[in-house]
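Accompanying notes for the structure given below.
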Protein chains: 2
Amino acid sequence: MSLPHAILTALLEKPSSGLELTRRFDKSIGYFWSATHQQIYRELGKLETEGFIRTLPPAQPARGQKKSYEVLPAGRAELARWTAASQDPRPHRDTLLLRMRAAAVVGTEGIEADLRRHLDLHRRQLAEYEEIEKRDFPPGRESSQDRLRHLVLRAGIDLETFWTQWLTRALEEFAELPGHERA
Amino acid sequence: MSLPHAILTALLEKPSSGLELTRRFDKSIGYFWSATHQQIYRELGKLETEGFIRTLPPAQPARGQKKSYEVLPAGRAELARWTAASQDPRPHRDTLLLRMRAAAVVGTEGIEADLRRHLDLHRRQLAEYEEIEKRDFPPGRESSQDRLRHLVLRAGIDLETFWTQWLTRALEEFAELPGHERA
DNA sequence: GACCTTTGTGCAACTAGTTGCACAACCGGC
DNA sequence: GCCGGTTGTGCAACTAGTTGCACAAAGGTC
């Protein structure tokens with residue numbers, strides 16, 4: 001139940017059309033809450049009928065025409081309510097850890113290459129985050145908003161750091177496993 | 001598409017009934033792939049008709065009667081295939097980070113208490129993992145299976161460590177925010 | 001032996017997320 | 001002046017996961 005709130009947040013940061021939102025979900029917000037454009041359009045429709053957002057230019061043209069949305073007071077109130085409400089952490093699901101556990105039973109044959117690939121992906125993501133940090137959060141004088149957003153980015157950086165370290169360690173362990181042949 | 005494989009792994013480690021599986025999912029495997037008993041029963045049914053598992057005692061009694069399953073060769077082969085197959089990391093979704101981002105826009109009112117609660121939950125989980133580590137993986141001579149399983153547990157420990165550190169830091173930042181009143 | 005709790009299995013309905021596709025408008029080239 | 005790519009919106013069908021409930025059997029208890 002978080003996609004509508006992710007959209008409200010994005011729209012409060014800047015009113016946008018469906019496609020612009022999609023692009024922004026591919027970047028910043030999507031780093032911890034991804035969504036496809038189909039999901040976004042569907043949700044925009046719901047949010048509009050619920051009275052949380054409205055189209056920006058009063059004219060509402062036909063299909064294929066750009067349509068920008070802005071958040072209404074009711075939408076902001078709903079987002080504030082949701083943000084403050086207590087929520088239990090949702091269980092994490094991680095396929096790679098599951099495969100690792102399965103590999104302990106059926107053998108590590110073939111998984112190593114994918115571990116390397118993941119390591120590479122996480123390294124890239126980490127580099128991207130660090131680039132954003134350098135660009136958007138230079139040291140010194142940050143506003144309250146910036147501090148909070150920086151905090152969120154730090155979470156991303158630390159998580160990617162964790163994964164690169166863990167994968168590196170896993171590959172080292174593999175090298176020491178009996179029956180290990182490839183370099 | 002990972003629940004059936006999680007179940008196959010668990011059954012290979014030890015043949016079990018639906019309820020036993022549910023309990024084990026509340027512990028070890030469920031730490032990175034949770035499932036309710038309803039999901040598990042449904043999936044057991046599918047796995048059986050697909051010929052990947054079978055009931056242990058040839059007698060298959062009625063509803064309310066315990067039914068244990070074991071993995072058939074075809075099931076083991078399927079698990080090995082899945083484990084070795086390359087998979088893209090699925091996008092992570094994290095509500096707390098999303099709320100943090102929303103808080104940057106609509107204000108931090110109310111979120112702090114929940115941050116403390118999450119910190120407490122993650123500390124407990126971390127303690128539990130460390131307990132398991134001490135009990136199940138004493139230093140020195142580990143088999144290949146143990147090494148892999150230990151690696152997975154380490155991931156859990158490191159992730160919980162990350163969260164406790166990040167939440168601690170977040171709460172510190174909150175204390176420095178202008179307009180912050182409560183202790 | 002009627003009642004209650006625990007253990008165990010399971011269906012049905014719903015919600016969230018994914019995949020595949022369709023289609024309209026605009027913009028450039030040739 | 002039509003043809004192909006890009007931008008933009010959207011529906012439909014499917015898959016995965018959650019929630020709520022039902023029901024059978026076994027064991028204790030008074």
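Below, chain A is the first sequence line, B the second, and so on; all start at residue 1.
Ion pairing between R116(A) and E112(A) holds under the 4.0 Å rule for side-chain N and carboxylate O. Taking the charged nitrogens against the carboxylate oxygens, R149(B) and E13(B) do have a contact shorter than 4.0 Å, which makes a salt bridge. Taking the charged nitrogens against the carboxylate oxygens, R90(A) and D94(B) have no contact shorter than 4.0 Å, which rules out a salt bridge.
Applying the salt bridge (charged side-chain N to carboxylate O under 4.0 Å, His left out) test to pairs two or more places apart or on separate chains, those with a residue in residues 164-175 of chain A are E173(A)-R147(B). For residues 125-135 of chain B, every residue pair satisfying the salt bridge (charged side-chain N to carboxylate O under 4.0 Å, His left out) rule, not counting sequence neighbours, is listed here: E133(B)-R154(B).
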Name the pairs: protein N/O against N/O of nucleotides 12-14 of chain D, kept only if under 3.5 Å.
none

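The side chain of P91(A) has dT18(D) as its nearest neighbour among dG10(C), dT9(D), dT18(D). Minimum atom distance to the side chain of Y41(B) is reached by dT9(C), of the listed dG10(D), dT19(C), dT9(C). For L19(A), the side-chain atoms get nearest to dG8(D) when compared with the rest of dG8(D), dT9(C), dA16(C).
Defined by atom type and a distance below 3.5 Å, a donor-acceptor pair is present between the side-chain atoms of S86(B) and R117(A).
By the salt bridge (Lys or Arg N to Asp or Glu O under 4.0 Å) test, E20(A) pairs with K66(A), sequence neighbours left out. Residues meeting the salt bridge (Lys or Arg N to Asp or Glu O under 4.0 Å) test with E48(A), sequence neighbours left out: none.
Contact check, R90(A) against dT18(D): no side-chain N or O comes under 4.0 Å of OP1 or OP2. Between Q39(B) and the phosphate of dT18(D), there is a side-chain N or O to OP1/OP2 separation shorter than 4.0 Å.
Contact check of residues 95-102 of chain B against DNA chain D (heavy atom, cut-off under 4.0 Å) returns no residues at all.
At a cut-off of 3.5 angstrom, the base of dG8(D) holds no donor-acceptor pair with the side chain of H37(A).
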